[in-house]
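Computed over heavy atoms, backbone and side chain alike; hydrogens, waters and symmetry mates excluded. Positions are given from 1 along the sequence.
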Amino acid sequence: MKIHYRIIYLLISVFFLYTLLFCGFIYYSISNFSFADFYKRLEIRAATTAKIQLDNPNSAMIIKEMRQEYLEKLPNQTEYIFPIQGKEIVVEEGQKRLPDSFVQTLLTEGTGSYRERNIFYSGIRYMTRKGGEYIVVVSADNYFYSHHMVYLRNLLVTSLLYALLLIVLVSMLITRTLIRPVQQIIKEVDKISSENLHLRLAIPRTKDSIRKLALTFNDMLNRLETTFETQKNFVSNASHELNTPLTNIIGEADYALSKDRDHEQYKKSLADILAEAEKLELKTKALLLLAQTGFDGKSQKLVRLRTDQLILDVKETVQKLNSKFKISLDFSLLPEDHEKLKVKGNFYLLHLALTNIVVNGCKYSNGETVFIALGASDTHVVIIIRDSGIGIPQKEMPYIYDPYFRASNTSNYAGYGIGLPLSKNIIKMHNGDIYVSSVEGKGTSVKINIPIWSGPL
């Protein structure tokens with residue numbers, strides 16, 4: 001069963017049960033009130049009858065006329081008067097015999113009542129002025145119960161049916177309102193595949209579970225994209241960087257073996273092969289080192305790490321990749337409190353992100369020095385990476401985070417347009433921000449903000 005149907009059934013059941021109980025409570029309360037009120041009216045009439053019939057027989061006609069004028073007679077109203085002899089009542093021939101339990105209640109407690117279908121009985125034990133004792137009972141048809149309560153019951157049943165219809169409509173409306181954002185998320189997720197992992201879900205403005213769900217999906221997509229791009233980055237670099245030395249080695253060997261050579265020619269060919277093999281070894285080590293700093297796609301253990309140590313490791317890694325790269329560190333803005341340098345993150349992911357940015361700065365600076373500055377505010381660690389290289393054309397700045405995009409002035413430099421988008425995703429995964437500013441021909445500056453670690457991990 002679909003979840004929105006389950007929600008509809010649940011809402012209908014809850015509200016219908018509540019409405020049913022509410023209607024039942026109203027019917028039960030009014031019914032009890034009508035019983036108690038009618039029994040009390042019968043008791044008053046019994047007392048009135050006793051006074052008229054037993055204590056004032058001479059003025060009975062006058063009182064009877066006044067009662068008929070000011071005290072309406074109830075439907076099927078009947079009065080019963082029974083003398084008491086000893087512990088029993090005297091029932092004359094032709095008089096209705098009342099239930100023994102009812103009579104016994106009147107004799108012992110002085111008042112009592114009972115019901116026989118729609119006829120209600122209420123009576124009292126009455127002592128006259130002359131000392132005689134009687135049981136006086138008045139019975140009547142409870143018109144309010146037999147007619148008004150039936151009307152009330154029908155009204156409540158009709159109201160219950162209308163309420164059920166209203167509950168169904170409201171439940172469907174509420175369910176659609178709640179389910180629509182989830183269905184929208186499902187549609188957006190269905191559009192995402194391994195070919196377009198850069199797509200993200202729209203984040204609702206409301207701060208509720210749907211927003212949290214969308215943020216969680218986006219965070220998962222960031223991790224997936226990082227994994228895919230890391231693999232692509234490594235494979236692309238490996239295939240390109242290893243292909244050139246291998247091609248040179250094979251070409252030199254083919255040249256040496258194509259015909260007989262003298263000793264010096266063979267020696268030169270072997271020296272060229274050795275040089276290319278040494279380059280191949282260095283590039284293989286560099287690629288393996290870069291792979292070791294990447295994301296394995298299996299775990300993302302977040303730890304408390306110091307960004308100053310992270311930057312020192314990045315500098316060491318980059319210079320191992322290419323010993324000609326020049327990097328200058330600026331730690332003059334470090335805070336006095338070293339706790340402000342600690343962030344909550346994955347060491348290898350952040351290492352990969354910073355390495356990509358620094359390598360780009362070194363590569364496009366033509367041997368010029370790349371500067372890395374580290375500082376901190378009250379809430380964020382701030383990392384600035386600045387170079388004086390070829391820069392990025394202003395009109396191409398909106399596309400720098402697109403996968404595989406390369407600026408028009410980078411044709412003379414090796415690369416695949418993966419590093420910066422990958423770095424941005426990693427920074428986003430750590431709830432950070434990255435800002436790039438560049439002037440063509442003068443250089444590029446990258447500013448990274450990452451929230452300071454707070455509280456236990």
Side-chain angles (χ1 to χ4, degrees), residues 1-45 71-78 99 101-102 105 111-122 138-191 201-217:
M1 183 184 295
K2 294 184 178 180
I3 186 171
H4 59 278
Y5 288 135
R6 284 197 304 228
I7 294 176
I8 289 176
Y9 294 149
L10 179 61
L11 289 174
I12 291 175
S13 300
V14 171
F15 284 109
F16 181 75
L17 180 61
Y18 170 79
T19 307
L20 182 62
L21 292 175
F22 181 72
C23 292
F25 173 75
I26 292 177
Y27 184 82
Y28 176 77
S29 300
I30 296 179
S31 178
N32 280 351
F33 173 78
S34 69
F35 282 13
D37 180 68
F38 196 72
Y39 281 133
K40 191 65 178 176
R41 293 170 64 186
L42 291 178
E43 184 180 330
I44 293 173
R45 290 171 186 267
L71 190 63
E72 64 173 342
K73 190 172 183 178
L74 298 174
N76 298 324
Q77 179 176 326
T78 307
S101 58
F102 175 53
T105 300
T111 60
S113 59
Y114 90 101
R115 172 188 168 198
E116 188 177 273
R117 294 186 180 179
N118 289 338
I119 303 299
F120 290 70
Y121 293 80
S122 184
V138 176
S139 67
D141 185 353
N142 190 343
Y143 182 83
F144 181 84
Y145 175 76
S146 60
H147 293 80
H148 292 71
M149 290 302 295
V150 171
Y151 174 76
L152 176 63
R153 182 183 61 197
N154 295 337
L155 182 63
L156 290 176
V157 170
T158 304
S159 300
L160 187 63
L161 294 177
Y162 279 113
L164 178 60
L165 178 60
L166 181 62
I167 290 169
V168 171
L169 295 177
V170 172
S171 299
M172 293 179 65
L173 179 61
I174 293 176
T175 303
R176 288 185 179 181
T177 303
L178 294 176
I179 296 299
R180 188 182 294 111
V182 178
Q183 292 176 335
Q184 183 63 31
I185 289 177
I186 293 174
K187 290 181 181 179
E188 293 183 13
V189 171
D190 284 340
K191 297 177 183 178
L201 304 182
I203 304 300
R205 295 181 179 179
T206 56
K207 295 182 179 180
D208 53 15
S209 299
I210 301 299
R211 177 184 175 86
K212 187 175 181 181
L213 178 63
L215 289 172
T216 303
F217 266 114

Chemist: Below 4.5 Å, heavy atoms only, C-beta onward: do Arg115 and Phe35 meet side chain to side chain?
Modeler: yes

Chemist: Which pair of heavy atoms, one from Glu188 and one from Leu201, lies closest together, and at what distance?
Modeler: OE1-CA, 3.1 Å

Chemist: Identify every side-chain donor-acceptor pair in residues 13-31 under 3.5 Å, counting partners at least two apart or on other chains, and give the distances.
Modeler:
from  : atom 1 : to    : atom 2 : distance (Å)
Ser13 : OG     : Tyr9  : O      : 2.7
Thr19 : OG1    : Phe15 : O      : 2.8
Tyr28 : OH     : Asn32 : ND2    : 3.2
Ser29 : OG     : Phe25 : O      : 2.8

Chemist: Of the non-hydrogen atoms in Ala140 and Leu42, which two are nearest, and what is the gap between them?
Modeler: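 Shortest heavy-atom contact: CB-CD2, 3.9 Å.
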
Chemist: For Tyr114 and Phe102, take the angle between the two ring planes, folded into 0 to 90°, and tell me which bin it lands in: parallel under 30, tilted 30 to 60, perpendicular over 60.
Modeler: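 Geometry flag for Phe102 against Tyr114: tilted rings.
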
Chemist: Check whether any side-chain heavy atom of Leu160 lies under 4.5 Å from a side-chain heavy atom of Leu156, and answer yes or no.
Modeler: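 Counting from C-beta outward, Leu160 and Leu156 never come under 4.5 Å.
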
Chemist: Which pair of non-hydrogen atoms, one from Ser139 and one from Ile119, has the smallest distance, and what is that distance?
Modeler: CB-CG2, 4.1 Å

Chemist: Spell out, as yes or no, whether a donor-acceptor pair under 3.5 Å connects the side chain of Ser122 to the backbone of Tyr39.
Modeler: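 Looks like yes, one N/O pair under 3.5 Å.
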
Chemist: Heavy atoms only: give me the nearest Asn118-Asp141 pair and the separation to one decimal.
Modeler: O-OD1, 3.2 Å

Chemist: Is there a side chain to side chain contact (heavy atoms under 4.5 Å, CB included) between Leu173 and Leu169 once you walk through the steps?
Modeler: CA-CA 6 Å; Leu173 179 61; Leu169 295 177; over 6 Å; no

